[in-house]
Amino acid sequence: MTAPSPLSAPPSWAAPPFSPPSSPPSPTHHRQAPPDRSSQEMKTASLDAYTASADTWKAETDALHASAETCKADADADAEAKAKAVARTGPGAVALANARIEAAFCWKVLARASRVLAAQPGEPSEASKLAALNASRAWMNGYKGFYSSNYVAITPKIVNDIHKKGGTVLGTSRGGHDTKKIVDNIQDRGINQVYIIGGDGTQKGAYEIFKEIRKRGLKVAVAGIPKTIDNDIAIIDKSFGFDSAVEEAQRAIDSAHVEACSAENGIGLVKLMGRYSGFIAMYATLASRDVDCCLIPESPFYMDGEGGLLQYIERRLKENKHMVIVVAEGAGQDIIAQSIPSSEQQDASGNKLLLDIGLWLTHKIKDHFKSKKTEMTIKYIDPTYMVRAIPSNASDNVYCTLLAHSAIHGAMAGYSSTIGMVNGRHAYIPFYRVTSTRNKVKITDRMWARLLSSTNQPSFLSQKDVDEAREADRLANKPPLPAGANHNVATAFGQSASSSSNGEI
Ligand SMILES: Nc1ncnc2c1ncn2[C@@H]1O[C@H](COP(=O)(O)OP(=O)(O)OP(=O)(O)O)[C@@H](O)[C@H]1O
Ligand SMILES: O=P(O)(O)OC[C@H]1O[C@](O)(CO)[C@@H](O)[C@@H]1O
């Protein structure tokens, strides 16, 4: 499809074509009339002369205008031909075609919207164009909002200061992703761009919507915007919300440190969110520098015996008289399952519910020191939703703005993808790359080594564990093959596969 045809009439902002003044300009000099002719004759003669010259001017101007139009048309045709030539050969062929489809489609939408809004045929007026573009809508309370409640119109005024509030003005929910109902709603309402904001599960839901839209041949761009405090979304450097959560988690660790220092053999124990990844615990520990032990799901540990956690706690209290332990909520699930039958319960989205490692550790440590008849005081802090309910910080506010800009640019050009920062640059990432694996802390990477040197904790790992972890990382980061990839692509893909820089920020 070619780019939308230029407007038939010049755009309203174009200056009207020059036209000479209807009444001849007053002469800039006064000639003395000869005494023998009547002044009226003279006036008529001079008026005729000016009218004739004005007509000449108009004719010349019209001719100039006509040639300008011709030149412009030639220039447009030339540019179009050049663009086509580039598009046929250059890598931008798909992007240009998409852009044209999108642009043509947008004009149609705008024209339709203007007819509705301004009840007038023909090209959209400026006001109706603006109104149509402003017809942004938000579906409330997550995916089920597409079909269980009406949308709300959002305007610049409504969203003006939402970045200063915690939580989400759109509301959220788990479960309720009915792909058919969602896409039916999108199709029935003539929506051509959908922006979906959320964590790894949300991105998976966005991918399902994209596949259904593609199957139906709809011209709808789907933009997935990653947002979760867990930072567990693959490929991207970090997720929006992560920095704010780390900042708040550090405050909980500071409180645990104060309490631990205020008691004989005081232990401050903090449990932090992050679901099955330990990024919040790792980065809050590095930020705080008052932590003696950080336990995350990705780094197994054991309690008893030589090199175990209880032995380390005893040693640390002897050295320092107090200590701070940070535990990610997903850590130690294998150990707890040995004493508490794993519930296998799930939330509405299918996420496995975690057993409470914080309470379990608190009781285990208390029982241990009681059995040793050693004085010890443990203060357990579980900030839970406080880490998530805070307004986003400055770093996340800027990141969020850039994500929004990138998402809109991509959707307006017709792309469907997850948007995110990869190695410091914003990128459009195919949904299947983001949804095929989860971002987890790599305990063989430098960042975890930096943590171990910061806390001086034992790695709780044998060489066998480290080798197994390296192999698991390698396999987890081998990019999945695109659907239907042939042998050559598979080989090429295998060669180009490089481990993503997850976990390093
Ligand atoms: N594989 C999937 N296919 C379709 N929809 C999914 C899938 N996984 C999750 N969803 C839907 O995406 C929405 C959000 O998922 P979930 O509750 O797991 O939160 P999330 O996006 O992972 O965010 P967070 O990790 O911060 O909790 C839910 O409505 C859920 O039903
Ligand atoms: O809000 P809910 O359903 O209690 O879920 C809590 C989970 O959500 C998150 O905050 C974000 O995924 C996790 O860190 C946490 O485990």
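Side-chain atoms are counted along with the backbone in the values below, which use heavy atoms only and exclude waters and symmetry mates. Numbering of ligands and ligand atoms starts at 1, following listing order. These numbers come from a predicted model, not from an experiment.
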Write out each pair where an N or O from ligand 2 and one from the protein are under 3.5 Å apart, with the distance.
| from | atom 1 | to | atom 2 | distance (Å) |
| --- | --- | --- | --- | --- |
| ligand 2 | 1 (O) | R388 | NH1 | 2.9 |
| ligand 2 | 1 (O) | R388 | NH2 | 2.8 |
| ligand 2 | 3 (O) | R174 | NE | 2.8 |
| ligand 2 | 4 (O) | Y385 | OH | 2.4 |
| ligand 2 | 5 (O) | R174 | NH2 | 3.1 |
| ligand 2 | 8 (O) | R174 | NH2 | 3.1 |
| ligand 2 | 8 (O) | R388 | NH1 | 3.0 |
| ligand 2 | 10 (O) | R388 | NH1 | 2.9 |
| ligand 2 | 12 (O) | D230 | OD2 | 2.6 |
| ligand 2 | 12 (O) | R275 | NH2 | 3.3 |
| ligand 2 | 14 (O) | D230 | OD1 | 2.7 |
| ligand 2 | 14 (O) | G274 | N | 3.1 |
| ligand 2 | 14 (O) | E329 | OE2 | 3.4 |
| ligand 2 | 16 (O) | E329 | OE2 | 2.6 |

Under 3.5 Å, is there a donor on one side chain and an acceptor on the other for T418 and Q203? yes
Do the charged groups of R216 and D184 touch, with an N to O distance under 4.0 Å? yes
Taking NZ in K211 as the centre, count heavy atoms belonging to other residues, nucleotides or ligands within less than 6.0 Å. Is the count above 12? yes
Look at atom CE of M386 and say whether more than 12 heavy atoms of other residues, nucleotides or ligands are closer to it than 6.0 Å. no
Is there a donor in the side chain of N141 and an acceptor in the side chain of S173, or the other way round, less than 3.5 Å apart? no
Name all pairs fulfilling the salt bridge (Lys or Arg N to Asp or Glu O under 4.0 Å) condition that reach into residues 270-297, sequence neighbours left out, sorted by first residue then second. K271-D356, K271-D382, R275-D347, D292-R316
Does the distance from a Lys or Arg side-chain N to an Asp or Glu carboxylate O, for K204 and E208, drop under 4.0 Å? no
Show me a pair-per-line table, with atom names and distances to 0.1 Å, of protein N or O atoms that are under 3.5 Å from an N or O of ligand 1.
| from | atom 1 | to | atom 2 | distance (Å) |
| --- | --- | --- | --- | --- |
| ligand 1 | 10 (N) | G201 | O | 3.4 |
| ligand 1 | 12 (O) | G201 | O | 3.4 |
| ligand 1 | 17 (O) | R174 | NH1 | 2.7 |
| ligand 1 | 17 (O) | S349 | OG | 2.5 |
| ligand 1 | 18 (O) | N351 | ND2 | 2.9 |
| ligand 1 | 19 (O) | R174 | NH1 | 3.0 |
| ligand 1 | 21 (O) | G199 | N | 3.1 |
| ligand 1 | 21 (O) | T202 | N | 2.8 |
| ligand 1 | 21 (O) | T202 | OG1 | 2.5 |
| ligand 1 | 22 (O) | D200 | OD1 | 2.8 |
| ligand 1 | 22 (O) | G201 | N | 2.9 |
| ligand 1 | 25 (O) | D200 | OD1 | 3.4 |
| ligand 1 | 26 (O) | T228 | OG1 | 2.9 |
| ligand 1 | 27 (O) | R174 | NH1 | 2.8 |
| ligand 1 | 27 (O) | R174 | NH2 | 3.0 |
| ligand 1 | 27 (O) | R275 | NH2 | 2.9 |
| ligand 1 | 29 (O) | G175 | N | 3.4 |
| ligand 1 | 29 (O) | G175 | O | 2.7 |
| ligand 1 | 31 (O) | G175 | N | 3.4 |

Pairs in or reaching into residues 294-310: which pass salt bridge (Lys or Arg N to Asp or Glu O under 4.0 Å), with residues at least two apart or in two chains? none
Against M140, only a single residue in T168, V152, T172 fulfils side chain to side chain contact (heavy atoms under 4.5 Å, CB included); can you say which? V152
